[in-house]
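One structure is given below, encoded as structure tokens.
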Amino acid sequence: MDSPSELFQRLADEVISGGNLDIIPELVAGDYVDHAGGDGGPQGYRETVELVRNIFPDIRMTVEDTIEQGDKVAARFTITATHNNEFMGFAPTGRKLSWAGVGIVRVAGGKMAERWNVSDLLSAIEQIQGLTDDDPAA
């Protein structure tokens, strides 16, 4: 069974970056709760990932650091992606984006049971608008 850090890494590598949505039931609990605004359960998580991958088909989530305590892991991550579909009302620009985020995942029975997430979407929007090309993850 994966540790909370290992589970977070698998979600980042295999699901978010790799697009392997078929393994979501293996990694996400049936009673999963998304405190970041998505629907619950494995299907809700799948829909969230599908939405994000539709906007940013080449999305890559790089886990920079993790801190594990008990059944939870906190992770600092960087997202890199190309803006290829409408996002928050902005038409696709084809711009390469990079933004930082922090996520917390609670694991139960070897699966993600809860998720909290904060991402620097203001930085992504500024990059979409061409206001900055700064890399917030640097």
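Computed from a prediction, not measured in an experiment: that's the story for all the values here.
In this structure, the salt bridge (charged side-chain N to carboxylate O under 4.0 Å, His left out) partners of Glu26, at least two apart in sequence or on a different chain, are Arg10. Residues that satisfy the side chain to side chain contact (heavy atoms under 4.5 Å, CB included) test with Ser17, not counting sequence neighbours, are Arg60, Met61. By the side chain to side chain contact (heavy atoms under 4.5 Å, CB included) test, Val63 is found to be paired with Phe8, Gln9, Ala12, Thr66, Ala75, residues two or more places apart in sequence or in another chain being considered. For the salt bridge (charged side-chain N to carboxylate O under 4.0 Å, His left out) test, no residue two or more places apart in sequence or in another chain qualifies with Lys72. Taking Val52 as the reference, Phe56, Ile59 meet the side chain to side chain contact (heavy atoms under 4.5 Å, CB included) condition, with sequence neighbours excluded. For Leu121, the side chain to side chain contact (heavy atoms under 4.5 Å, CB included) partners are Phe87, Met88, Trp99, Ser119, not counting sequence neighbours.
The list of side-chain hydrogen bond (donor to acceptor under 3.5 Å, both in side chains) pairs with a residue in residues 88-97, not counting sequence neighbours, reads Thr82-Lys96, His83-Thr93. Within the structure, every pair that satisfies the salt bridge (charged side-chain N to carboxylate O under 4.0 Å, His left out) test and touches residues 32-47, not counting sequence neighbours, is listed here: Asp22-Arg46, Asp34-Arg115, Arg46-Glu50. Sequence neighbours left out, not one pair with a member in residues 57-76 passes ring pair (Phe, Tyr, Trp, His ring centres under 6.0 Å).
How far CZ of Arg53 is from CD1 of Ile55: 12.0 Å, rounded to the nearest 0.5 Å. Here the CG atom belonging to Asn84 is positioned 9.5 Å from the CG atom belonging to Asn54, to the nearest 0.5 angstrom. A distance of 8.0 Å separates CG of Leu11 from CD1 of Ile24, quoted to the nearest 0.5 Å. Once rounded to the nearest 0.5 Å, the distance linking CD1 of Ile125 with CG of Leu97 reads 10.5 Å.
Residue Leu51 is grouped with residue Ile128 when hydrophobic side chains (ILVMFWY) are merged at heavy-atom distances under 4.5 angstrom, including chains of intermediate members. Side-chain heavy atoms closer than 4.5 Å link hydrophobic residues (I, L, V, M, F, W, Y) into clusters, and following such links, even through other members, never connects Val102 to Ile79. A single hydrophobic cluster is seen to contain both Val28 and Ile23, as judged by linkage of ILVMFWY side chains at heavy-atom distances under 4.5 Å, directly or through other members.
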Practice task
Tell me, with the steps shown, if Gln127 and Ser98 meet side chain to side chain donor-acceptor pair (under 3.5 Å).
Solution key: CA-CA 8 Å; Gln127 291 170 64; Ser98 178; 5.7 Å; no

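Side-chain contact between Thr62 and Thr80 is absent, with no heavy-atom pair separated by less than 4.5 Å. Using a 4.5 Å heavy-atom cutoff, the side chains of Val107 and Met112 are not in contact. Counting heavy atoms from C-beta outward, Val15 and Asn20 have side chains that stay 4.5 Å or more apart. Looking at Leu7 and Leu27, their side chains come closer than 4.5 Å, going by heavy atoms from C-beta outward. By the 4.5 Å heavy-atom criterion applied to side chains, Phe77 and Asn117 are counted as neighbours.
Closest approach of Pro4 and Gly70 over heavy atoms only: CG-O, 3.9 Å. Considering all non-hydrogen atoms of both residues, Gly30 and Pro42 come closest at CA-CD, 3.7 Å. The two residues Val73 and Ser5 come nearest to each other via the heavy atoms CG2-OG, 3.5 Å.
Using modelled atom types, no side-chain atom of Glu114 and backbone atom of Val33 make a donor-acceptor pair closer than 3.5 Å.
Ile104 belongs to a hydrophobic cluster whose other members, connected by ILVMFWY side-chain contacts under 4.5 Å either directly or through intermediates, are Trp116.
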